Protein chains: 2
Amino acid sequence: MTATLVPVFAALGDETRWSILAALGEGDASASALAGRLPVTRQAIAKHLAVLQEVGLVEPVRVGREVRYRVIGSQLSATAHRLDAIGAEWDRRLAAIKQIAEGL
Amino acid sequence: MTATLVPVFAALGDETRWSILAALGEGDASASALAGRLPVTRQAIAKHLAVLQEVGLVEPVRVGREVRYRVIGSQLSATAHRLDAIGAEWDRRLAAIKQIAEGL
DNA sequence: GTTTGCTGCAACCCGATAGTTGCAGATCTA
DNA sequence: TAGATCTGCAACTATCGGGTTGCAGCAAAC
């Protein structure tokens, strides 16, 4: 269902990919259309879109002869919640360790 | 204050780094100590710790002649919340676009 | 004061990946 | 049918990053 967490972060760890996501945020667009707005080649964008699709952050939609891509915001939210849970767990555990260390 | 978002994700996009974070979750440890538990060299771990420190996910603590590292869970939570906000914003905007597209 | 153990720096290797150009195939339009 | 566009595949380059080994420096222990 949801992709494993780490590859999602790897996908999000690239500026160009965020530019693409930002551009897609203003409406679905094809790789060619995005190439007009961003300072990289269509093929480079196509590769990035493949990566984003792989981890479920984006989804292709055929419209005639072109392939538009749409951002899946819920995947972003899901990832955020999993990360938040981990962060909270860490704080909890570290607090426990700290108490032990303080001799309580 | 909080590091820019993208480098944090880049830091979280590596399995070994998660192993290190997980190991640190059971208590602060030095690079040498971690090298005993993980299947990589001390220097490799040192590099990873430098990356993690750079983005504020981890914090060094001198203890005598060794340098222990501690996870900063709150940074993880902060990142999660920023990501969640972005995801929600995206969903909101895309819903609006969808309504427009449906002629409403 | 010598030995032990931990840190830090530098050079190096290699695989992954961001980016490019070029071309072939498919599809809409005139 | 011909021409214009958009996609997809392949080859190639170059940089980055994860990992290694080796060595020098320094703090603790004995």
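Bear in mind the structure is a predicted one, so any value in this text is a computation, not a measurement. We use all heavy atoms of the structure for the numbers below, so side chains are in, but hydrogens, waters and symmetry mates are not. Chain naming here is simple, since letters A, B, ... match the order of the sequence lines and numbering starts at 1 in each.
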- Do the non-hydrogen side-chain atoms of B:Arg70 and B:Arg68 ever get within less than 4.5 Å of each other? no

- Message: In whole Å, I'd like the distance from the CD atom of B:Glu54 to the P atom of D:dG18.
- Response: 13 Å

- Item | Heavy-atom side-chain contact between B:Val8 and B:Leu76 under 4.5 Å | no

- Task: Using a heavy-atom cut-off of under 4.0 Å over every strand shown, decide if B:Arg17 touches base, sugar-phosphate, or nothing.
- Result: sugar-phosphate

- Note on the structure: Residue set satisfying ring pair (Phe, Tyr, Trp, His ring centres under 6.0 Å) with A:Phe9, at least two apart, ordered chain then number -> B:Phe9

- Just how far, in rounded Å, is C1' of C:dG5 from CZ of B:Arg68? 14 Å

- Message: Can a donor-acceptor pair be found, under 3.5 Å and without considering hydrogens, that links the side chain of A:Trp18 to the backbone of A:Leu12?
- Response: yes

- Query: Under the 3.5 Å rule, do the base of D:dG18 and the side chain of B:Gln43 count as making a donor-acceptor pair?
  - Reply: no

- Query: Got a sec, which residues hit side-chain contact (heavy atoms from CB on, under 4.5 Å) with A:Gln53, two or more places apart in sequence or on another chain?
  - Reply: A:Val58, A:Pro60, A:Tyr69

- Would you mind classifying the nucleic acid contact of A:Arg62 as base, sugar-phosphate or nothing, using non-hydrogen atoms under 4.0 angstrom? nothing

- Message: With a 4.0 Å cutoff (strictly under), does any side-chain N or O of A:Thr16 reach OP1 or OP2 of C:dA18?
- Response: no

- Item | Residue met sooner reading DNA chain C from 5', once A:Val40 and B:Tyr69 are mapped to nucleotides | B:Tyr69

- According to a strict under-4.0 Å criterion, is A:Ser32 in side-chain N/O contact with OP1 or OP2 of D:dC6? no

- Length of the line joining A:Leu49:CG and D:dT7:P, which is rounded to integer Å: 10 Å

- Note on the structure: Comparing B:His48 with A:Ser30, nearest DNA chain D nucleotide closer to 5' gives the residue A:Ser30

- Query: Can you check whether B:Ala33's main-chain N or O pairs, donor with acceptor, with B:Ser30's side chain at less than 3.5 Å?
  - Reply: yes

- Query: Do the side chains of A:Leu34 and A:Leu24 get nearer than 4.5 Å, heavy atoms only?
  - Reply: yes

- Value in whole Å for how far the C1' atom of C:dC6 lies from CG of B:Asp28: 17 Å

- Message: Of the listed nucleotides (D:dT7, C:dT20, C:dT7), which one gets closest to any side-chain atom of B:Val67?
- Response: C:dT7

- Do the side chain of B:Lys47 and the base of D:dG17 come within less than 3.5 angstrom through a donor-acceptor pair of N or O atoms? no

- Message: From CG of B:Asp14 over to P of C:dT17, roughly how many Å is that when rounded to an integer?
- Response: 11 Å

- Note on the structure: Double-helix bend of the helix from C:dG1-D:dC30 to C:dA30-D:dT1, axes at both ends from 5 pairs, round to 10°, gives 30°

- Query: Relative to the 5' end of DNA chain C, which residue comes earlier, B:Ala46 or A:Val63, by the nucleotide with the nearest heavy atom?
  - Reply: B:Ala46

- Task: Nearest whole angstrom, please: distance from the P of D:dG17 to the CD1 of B:Ile45.
- Result: 19 Å

- Item | Distance-only donor-acceptor test (3.5 Å): side chain B:Arg42, base C:dG5 | no

- Task: Output yes when a side-chain donor or acceptor of B:Glu15 lies under 3.5 Å from a complementary backbone atom of A:Pro7, and no otherwise.
- Result: no

- Message: Side chain of B:Ala44 only, heavy atoms from C-beta on: which candidate in D:dG19, C:dT7, D:dC6 is closest?
- Response: D:dG19

- Answer yes or no: side-chain N or O of A:Arg65 and base N or O of C:dG25 forming a donor-acceptor pair under 3.5 Å. no

